[in-house]
Asker: 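Encoded as structure tokens, here's the structure I'll be asking about.
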Amino acid sequence: MKKSCIALFTLFILSSCAELQQVINQLPQGTIDNEEIASGLRQALDFGIDKQVSKLTQTDGFFKNELVKILLPDELKKVDKALRDVGLSNLADDGLKVLNRAAEDAVKEATPIFVDAVKGITFADAKNILLGSDNAATQYLTSKTETTLYSKFNPVIKNSFSKVGADKIWSNLITRYNALPLTADVNPDLTDYVTKEALKGVYTMIAIEEKEIRTNFSSRTTDLLKRVFALQD
């Protein structure tokens, strides 16, 4: 009886040790320095571009994505309403759609710009960003790159306006509106507006992937991501 008790106790200890070792194996090994954390954050942002931003480049990537769909600026909402009131709903619909088409085309052309921006970013305090909010790395990327990316992205948007015919459609649309009686003429800078909205859409989609990596273990598909993001679990 005594031998049986000892055997059961030994078995329990061995089983517990095996479970404990399994837990230990899942913990981050060794010391992770600031540069390795920064590399993990960059990789998460890269994945955001690869997995999420690429969706924006497809037809309806902006137009049918309610998170990033480009709506009319306040100045043009009165234009939209006035044209619909006089039976030009189709023209108004086309005007909204081509703004989104221009953004979809531009993001496709400008994706390398975002990739380079992520490669070049330096995290002043990577650990605090890692332990921050679900989109802390994306917010940091935005603060460090938005102004520079705007200057690079704006001419791409301008080219895309011409490529998808948005310039002609909006020229016709605004001409029609300005010809209506009792309306004040409008001349909006749509290139500037769509550039800002498209950039906002890009950062939104990168943030989605960052949150996924932070909260979903299965989304950490590399050893680096597993090691780094285990620190914030």
Side-chain angles (χ1 to χ4, degrees), residues 48-49 51-114 117 135 138-139 141-143 145-211:
I49 295 172
K51 293 184 178 180
Q52 300 295 340
V53 175
S54 60
K55 296 176 182 177
L56 299 178
T57 68
Q58 301 168 12
T59 301
D60 291 328
F62 272 88
F63 190 62
K64 290 188 177 179
N65 183 341
E66 293 303 319
L67 290 174
V68 297
K69 181 178 181 179
I70 297 176
L71 304 176
L72 295 177
D74 290 339
E75 183 182 7
L76 292 181
K77 288 178 181 176
K78 61 183 180 181
V79 176
D80 183 85
K81 183 179 183 304
L83 292 174
R84 294 182 190 281
D85 287 346
V86 296
L88 295 175
S89 295
N90 288 340
L91 183 59
D93 289 339
D94 286 344
L96 180 60
K97 184 177 289 186
V98 292
L99 293 185
N100 287 272
R101 288 287 181 269
E104 291 156 11
D105 179 73
V107 171
K108 185 185 303 180
E109 296 296 323
T111 295
I113 295 174
F114 302 114
N135 67 340
T138 305
Q139 287 181 336
L141 175 69
T142 304
S143 69
T145 65
E146 190 170 27
T147 300
T148 301
L149 288 182
Y150 176 92
S151 65
K152 294 182 179 180
F153 201 52
N154 187 267
V156 180
I157 288 285
K158 186 174 183 179
N159 182 63
S160 293
F161 257 65
S162 176
K163 188 175 177 180
V164 303
D167 52 350
K168 293 180 180 178
I169 289 175
W170 272 97
S171 176
N172 182 32
L173 191 152
I174 290 173
T175 298
R176 293 283 192 97
Y177 172 80
N178 287 342
L180 295 175
L182 305 178
T183 59
D185 287 0
V186 296
N187 185 30
D189 186 348
L190 285 175
T191 302
D192 170 73
Y193 174 72
V194 173
T195 298
K196 291 176 179 176
E197 291 298 300
L199 282 173
K200 189 188 302 181
V202 167
Y203 290 126
T204 295
M205 298 305 289
I206 293 174
I208 288 174
E209 184 62 21
E210 180 188 350
K211 182 178 180 180

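Residues: numbered from 1 along the sequence shown. Since we're looking at a predicted model, the values are computed, not measured.
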Asker: At their closest point, which heavy atom of G61 faces which heavy atom of L56, and how far apart are they?
Answerer: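 Between these two residues, the closest heavy atoms are O-CD2, 3.6 Å.
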Asker: Taking side chain to side chain donor-acceptor pair (under 3.5 Å) as the cut-off, I'd like each qualifying pair that reaches into residues 69-78, sequence neighbours left out, listed once.
Answerer: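 Matches after skipping sequence neighbours: D74-K77.
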Asker: Do you know which two heavy atoms are closest between A117 and T145, and how far apart they sit?
Answerer: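 Closest pair (atom of A117, atom of T145, distance): CB-CG2, 4.0 Å.
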Asker: Any side-chain heavy atom of N65 sitting closer than 4.5 Å to one from K55?
Answerer: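 Side chain of N65 against side chain of K55, heavy atoms only: no contact under 4.5 Å found.
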Asker: Please enumerate all residues that pass side chain to side chain contact (heavy atoms under 4.5 Å, CB included) together with I113, with sequence neighbours excluded.
Answerer: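 Result, side chain to side chain contact (heavy atoms under 4.5 Å, CB included) vs I113: A110, L149, K152.
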Asker: Is there a donor-acceptor pair under 3.5 Å between the side chain of E210 and the backbone N or O of T138?
Answerer: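 Yes.
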Asker: Is the NZ atom of K211 crowded by more than 12 outside heavy atoms at less than 6.0 Å?
Answerer: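 Counting other residues, nucleotides and ligands, NZ of K211 stays at 12 neighbours or fewer.
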Asker: Please report the closest heavy-atom contact between I157 and A102, naming both atoms and the distance.
Answerer: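 Shortest heavy-atom contact: CD1-O, 4.4 Å.
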Asker: Among Y193, W170, Y177, whose side chain to side chain contact (heavy atoms under 4.5 Å, CB included) with L76 holds?
Answerer: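 Between L76 and the candidates, side chain to side chain contact (heavy atoms under 4.5 Å, CB included) is satisfied uniquely by W170.
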Asker: Sub-3.5 Å donor-acceptor pair from the side chain of E104 to the main-chain atoms of F62, do we have one?
Answerer: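 Answer holds: yes.
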Asker: Between the side chains of K196 and D192, is the shortest nitrogen-to-carboxylate-oxygen separation below 4.0 Å, so that they form an ion pair?
Answerer: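 Result for this pair is yes, salt bridge flagged.
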Asker: Measure across A103 and V194 and return the closest heavy-atom pair with its distance rounded to 0.1 Å.
Answerer: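 What the structure gives for the nearest pair is CB-CG1, 4.2 Å.
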Asker: Compare all side-chain heavy atoms of L67 with those of I208 and state whether any distance is below 4.5 angstrom.
Answerer: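 Yes, side chains in contact.
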Asker: Which heavy atom of M205 sits nearest to which heavy atom of Q52, and what is that distance?
Answerer: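 That closest heavy-atom pairing would be O-CB, 3.2 Å.
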Asker: When you compare the side chain of I206 with that of T142, does any pair of heavy atoms fall below 4.5 Å?
Answerer: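 Not in contact.
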Asker: Heavy atoms, side chains only, cut-off 4.5 Å: are E197 and N100 in contact?
Answerer: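 Side-chain contact under 4.5 Å: no.
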Asker: Is there a donor-acceptor pair under 3.5 Å between the side chain of S171 and the backbone N or O of D167?
Answerer: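 Side chain of S171 to backbone of D167: no pair is present.
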Asker: Please report the closest heavy-atom contact between V156 and A106, naming both atoms and the distance.
Answerer: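 Heavy atoms of V156 and A106 come nearest at CG1-O, 3.6 Å.
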Asker: Distance check, rounded to the nearest 0.5 Å: L199 atom CG versus Y150 atom OH?
Answerer: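 L199 CG to Y150 OH: 9.0 Å, rounded to 0.5 Å.
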Asker: Decide side chain to side chain contact (heavy atoms under 4.5 Å, CB included) for L96 and D80; before the verdict, give the C-alpha distance in whole Å, the side-chain angles of both, and the deciding distance to 0.1 Å.
Answerer: CA-CA 9 Å; L96 180 60; D80 183 85; 5.8 Å; no
Asker: Can D94 and R101 be said to form a salt bridge (Lys or Arg N to Asp or Glu O under 4.0 Å), step by step?
Answerer: CA-CA 10 Å; D94 286 344; R101 288 287 181 269; over 6 Å; no
Asker: Would a line drawn from the ring center of F114 to the ring center of F153 be shorter than 6.0 Å?
Answerer: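 Between F153 and F114, which both carry aromatic rings, the centre distance is below 6.0 Å.
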Asker: Rounded to the nearest 0.5 Å, how far does CG of L190 lie from CD1 of I174?
Answerer: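 These two atoms lie 5.5 Å from each other.
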Asker: Would you find a donor on one side and an acceptor on the other, under 3.5 Å apart, between the side chain of T57 and the backbone of S54?
Answerer: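 Yes, the answer is positive, given that a donor and an acceptor are paired below the 3.5 Å cut-off.
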Asker: Is any side-chain heavy atom of R176 less than 4.5 Å from a side-chain heavy atom of L180?
Answerer: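 Of all side-chain heavy-atom pairs linking L180 with R176, none is under 4.5 Å.
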